[in-house]
Amino acid sequence: MNTLILPPPIAAYFAAEHNPEALARCFTAQAVMKDDGHTYTGVAAITAFLAKASAQYGATSVPLDIQQEDGFQRVRANVAGNFPRSPIVLSYRFGLERGLIASLEITA
């Protein structure tokens with residue numbers, strides 16, 4: 001079985017899934033995250049949203065594969081938790097800058 005190798009900031013993001021303090025260290029100060037039709041700008045807004053979602057849904061993500069496209073890293077991950085349609089495969093489109101996540105868009 002092949003081991004999926006993720007860039008360090010992306011690996012840190014998935015490893016910090018339910019830890020808001022660790023998640024905060026994954027993003028640039030002005031990072032932008034889009035998820036479920038909403039946009040969150042800045043570390044405080046992003047981590048507040050992720051902490052709320054973690055508490056509400058208890059989701060776990062398992063990265064399946066990674067592809068580079070147009071300067072972004074797209075990771076498909078199996079996500080399971082307390083939400084409709086669970087489990088589901090979601091797409092995470094990461095923009096990286098200086099070893100941190102500058103942008104993240106999550107789509108079904």
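Note that the coordinates shown come from a computational prediction; the quantities given were computed from them, not determined experimentally.
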**Student:** Mind listing the closest non-hydrogen atom pair of I101 and A31 along with its distance?
**Tutor:** O-CB, 3.5 Å

**Student:** Would you find more than 12 non-hydrogen atoms of other residues, nucleotides or ligands less than 6.0 Å from D65 atom CG?
**Tutor:** yes

**Student:** Within a 6.0 Å radius of atom OH on Y57, are there more than 12 heavy atoms belonging to other residues, nucleotides or ligands?
**Tutor:** no

**Student:** Which atom names give the shortest non-hydrogen contact between P63 and L6, and what distance separates them?
**Tutor:** CG-CD1, 4.0 Å

**Student:** Might you work through the side-chain contact (heavy atoms from CB on, under 4.5 Å) test for T47 and E21, ending with a clear yes or no?
**Tutor:** CA-CA 8 Å; T47 54; E21 293 81 21; over 6 Å; no

**Student:** Do L64 and Y13 share a hydrophobic cluster, counting only Ile, Leu, Val, Met, Phe, Trp and Tyr and linking them when any side-chain heavy atoms are less than 4.5 Å apart?
**Tutor:** no

**Student:** Once the angle between the rings of F49 and Y40 is folded into 0 to 90°, is it parallel (under 30°), tilted (30 to 60°) or perpendicular (over 60°)?
**Tutor:** parallel

**Student:** Show the nearest heavy-atom pair for residues T28 and A102, with the distance to one decimal.
**Tutor:** OG1-CA, 3.7 Å

**Student:** Would a single hydrophobic cluster contain both L100 and I10, if residues Ile, Leu, Val, Met, Phe, Trp and Tyr are joined by side-chain heavy-atom contacts under 4.5 Å?
**Tutor:** no

**Student:** Kindly give the heavy-atom pair with the smallest separation between R85 and A108, and that separation in Å.
**Tutor:** NH2-CB, 4.3 Å

**Student:** Do D36 and I106 have side chains that approach each other closer than 4.5 Å (heavy atoms only, starting at C-beta)?
**Tutor:** no

**Student:** For F72, give me all partners under ring-ring contact (aromatic ring centres under 6.0 Å, His included), at least two apart in sequence or on another chain.
**Tutor:** none

**Student:** Hydrophobic cluster membership, with links at side-chain heavy-atom distances under 4.5 Å among I/L/V/M/F/W/Y: are V62 and I66 in one?
**Tutor:** no

**Student:** Is there side-chain contact between M33 and L50, with at least one heavy-atom pair below 4.5 Å?
**Tutor:** yes

**Student:** How about Q56: does its CD atom have over 12 heavy atoms from other parts shown lying under 6.0 Å from it?
**Tutor:** yes

**Student:** For the OG atom of S54 and the CG atom of L23, what is their distance to the nearest 0.5 Å?
**Tutor:** 8.5 Å

**Student:** Measure the spacing between CD1 of I46 and OG1 of T41 and express it to the nearest 0.5 Å.
**Tutor:** 7.0 Å

**Student:** Would you say F94 and V32 are hydrophobically clustered, going by side-chain heavy atoms of ILVMFWY under 4.5 Å?
**Tutor:** no

**Student:** May I have the list of side-chain donor-acceptor pairs in residues 86-93 shorter than 3.5 Å, sequence neighbours left out?
**Tutor:**
| from | atom 1 | to | atom 2 | distance (Å) |
| --- | --- | --- | --- | --- |
| S86 | OG | G81 | N | 2.9 |
| S86 | OG | G81 | O | 3.0 |
| S91 | OG | R74 | NH1 | 2.7 |
| Y92 | OH | S61 | OG | 3.3 |

